[in-house]
Amino acid sequence: MNDVIDLREAVVTLGKFPALTGVTLKVTQGEIVTVCGPNGAGKSTLLNLCAGLLPVREGSAYVLGENLRENRRAIRQDIGLLGHKSGLYDDLTVEENVTFWGSMVRAGNDEIAEAIKFMGLDGRLRKVLVRQLSAGQRRRASFASLVVQRPSLWLLDEPHAALDTDGRDLVDGLIQEAAASGATVLLVSHAPKELSSPSGRFVTLAGGRVTSDINNEGSGDGVS
Amino acid sequence: MEFRDAWSIALKDLRIELRSRILMNQIAPYTLLIVVLFGFALDANTQTLRDTGPGLFWVAVLLIALLAIQRAVKIEEDDAARERMLLTPVHSPSVFLGKSIALFIQLFALEILLFFVMLALFDLSVEDPLLIFLSAVLATIGIASSGTLYGVIAAGVGVRETLLPILLLPVIAPIAIGATRAFGDSFGRVDADGWAWLGLLSVFAVVYTVLGMLAYGQLVEDA
Amino acid sequence: MSHLGYLVAGWAIGIGVPFIYAILVLRRGRKLSEKVPFARQRWISSSEDQARIKDE
Amino acid sequence: MKIKLLESNDGRPNATSSRSTRFLGICLVLGIPVLILFAFVFSPKDDTMEDAVRLLYIHVPVAIFSYIAFGVTAMGSIFYLWKQSRWWDTTAHASAEIGVIFCGLTLVTGSIWGRPTWNTWWEWGDVRLVTTLVMFLIFIGYLALRQVPASPHVRAKRAAIVGIIGTINIPIVNRSVEWWENSTLHQQSSLTDGNLEDLTLFTWFLGTLILAIAYVWLMIHRFRVGWLSTEYESLGYGAAIEERKAEADLHAGTRSGTTEEGEVE
């Protein structure tokens, strides 16, 4: 048993607003967990917390074995975070974007080319400015820049948003493959039941805390 | 810190500029407009323009710098690229250096353009080209590094456009003074030892580069 | 006395401005201390005072 | 030392005053008329400046304490970055605000003094004048930055870095202005001449003492205001947590409902 995420009563405030009011969550290595819940439940904040981008105000938080209250930076290079914003530069082409982020995370040229190909962005799209991409294509480009990083913890905020059926299958395959190779995936989804989610475990957030934790494959952990 | 990272980041910024041509198509014409306005304001008196030329040059550079810094910050803000950078193994001093180098190159290019325009319009003659070159390089390093540092302080706040000038301009005022004097000496307009001013400009450049590399990481963290 | 106008103006500003500033600070403090619970006004730290707070 | 700034307020809750500030306040109320009396009546007029010298008894102490105030801000900023304590952040902010007031007064009283003495309100060739003006503007920027809404730690960190950089700049600005005009109209420090009359010397001393008391009095009050305002900011924390936790129960039944905050990013 290797806990990749271990949060206990973690409280995170954004300004004066308590976005997370005491989250307790354990995720073991290789797991795929879907986080769902209403708008404003704190799902995105949870991902940012796990990425070490937000300070923990109360409670304890360990991610990848590091205590986030003491050192939030150590884990960051092992995190692949896909947020609402994609971190791409509008005036660079798809290839230039992926190459730039690839060089920032020390990826080789082969890995970069492979990631572009894998996300179905080779051919014409490769040389198109990100500014001119559709929302779905943009999402794919953003994924490609994560794939080159080979993170050990994937934090995906609505990874299927704006994607077509092909794209969804691609992403699901990617998630499954990542989990199989030992990475852990935490993904946020508004409507988990509508799609054939690769996940077996569903965690529901509301009011900044976990209200239900159902594991379809094994025994349910129940409400924490 | 790795210089390779800094260089990739600088190249990325420059490539974005070559694509979008904001500097070329908007800031450069604005620069020329400023020079023309100075001409109007000073009653098209060539003698006056010649005497105030060095000062006008550096005032124009400060105004351009503000726009260029805003632009450099905006590139990183638009699609949360700054946050994305936090999730890579790149050290923040490298990011600072990269952004500063890109800003330096862009500002320097604009300064060259501005310089020749003013030379022609204000009828100035250069007596000491080396002094001009060195003082411009040192002053621009100071402006680029302090601008990158203050740019990230003002980044992420809603009032960036107004906050940046009030924070940055008083702090880079000594650069304007020093570079103006050095230019004045090289044009033979004032009786000052321009070379002495290079010392001050280099102190400023070094202080801000070092401070920026130390403080940048702290500032990008939660900004 | 020479320059009397300058002297009066200088001293009036020199004393007046800090005086107005002091009043503004005192008023801000008064308003804020009404909103913050007595127990969290930390400069009240002597045991006498703490005892008195409890009595009230 | 920390406790001293935060001591008893005599059980009068609704104010930032306390026994020590009231004592200092009484000293000021008694001291200022005495200072005016010495400055205008007892002290002799200067040979060259004539009666204009009487303005210096307020101008110079205010100038000294504006520098001290910014020095305290720089110190508070350094200590904040080191210890991350709210106490130092509040100190830095309080001192900067008082420093800006004093610095503005230095410029105004200096200007008023310059008119009869140098026959000009403002002299660009003077090093100390221009340096003080730039310093004033730097710290205006510092105060502007502090007004920008942000979480307390982020705000304090940004402000601390700007405060330190601003202070590092003062000698650079001074040096650059000095070389710029290579001349100064400013009086060289006349205290060191040694041929001052006793009464003049005493008036200088009295002015500095009064300003020291005024600075400390203002600092204590302004510090407490800053302390209270951060207390006030964090006040609703517990209630906000409970309120937000209750949202969960609200959504337990109706999954489709949305909250007013919208999506949290």
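Atoms considered below: every heavy atom in the structure, side chains included; atoms not considered: hydrogens, waters and symmetry mates. Throughout, a chain's letter reflects where its sequence line sits, starting with A, and its residues are numbered from 1.
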- Taking every heavy-atom pair that is under 4.5 Å apart, which of D:Val148, D:Leu81, D:Ile165 has the most such pairs with chain B?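 Answer, by heavy-atom pair count under 4.5 Å with chain B: D:Ile165.
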
Quick check on [X] against chain B: is it the side chain, the backbone, both or neither that has a heavy atom closer than 4.5 Å?
{"X": "D:Ile164", "answer": "neither"}
{"X": "D:Ala150", "answer": "neither"}
{"X": "D:Tyr142", "answer": "backbone"}
{"X": "D:Ile161", "answer": "side chain"}

- Count the heavy atoms belonging to other residues, nucleotides or ligands that lie under 6.0 Å from OH of D:Tyr232, then report whether that count exceeds 12. no

- Message: Counting only heavy atoms from other residues, nucleotides and ligands, does the tally under 6.0 Å from CD of D:Gln84 exceed 12?
- Response: yes

- Message: So for B:Leu168, is it side chain, backbone, both, or neither that comes closer than 4.5 Å to the heavy atoms of chain D?
- Response: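 For B:Leu168, neither part sits under 4.5 Å from chain D.
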
- Of the non-hydrogen atoms in B:Pro170 and D:Ile138, which two are nearest, and what is the gap between them?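 Smallest heavy-atom distance, with atoms named: CB-CG1, 3.5 Å.
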
- State which residue, out of D:Val162, D:Leu137, D:Asn169, D:Val134, fulfils the side chain to side chain contact (heavy atoms under 4.5 Å, CB included) condition with B:Val171.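 The passing option is D:Asn169.
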
- Message: Pair D:Lys157, B:Leu219 - check side chain to side chain contact (heavy atoms under 4.5 Å, CB included), show working.
- Response: CA-CA 8 Å; D:Lys157 205 163 58 177; B:Leu219 291 167; 5.6 Å; no

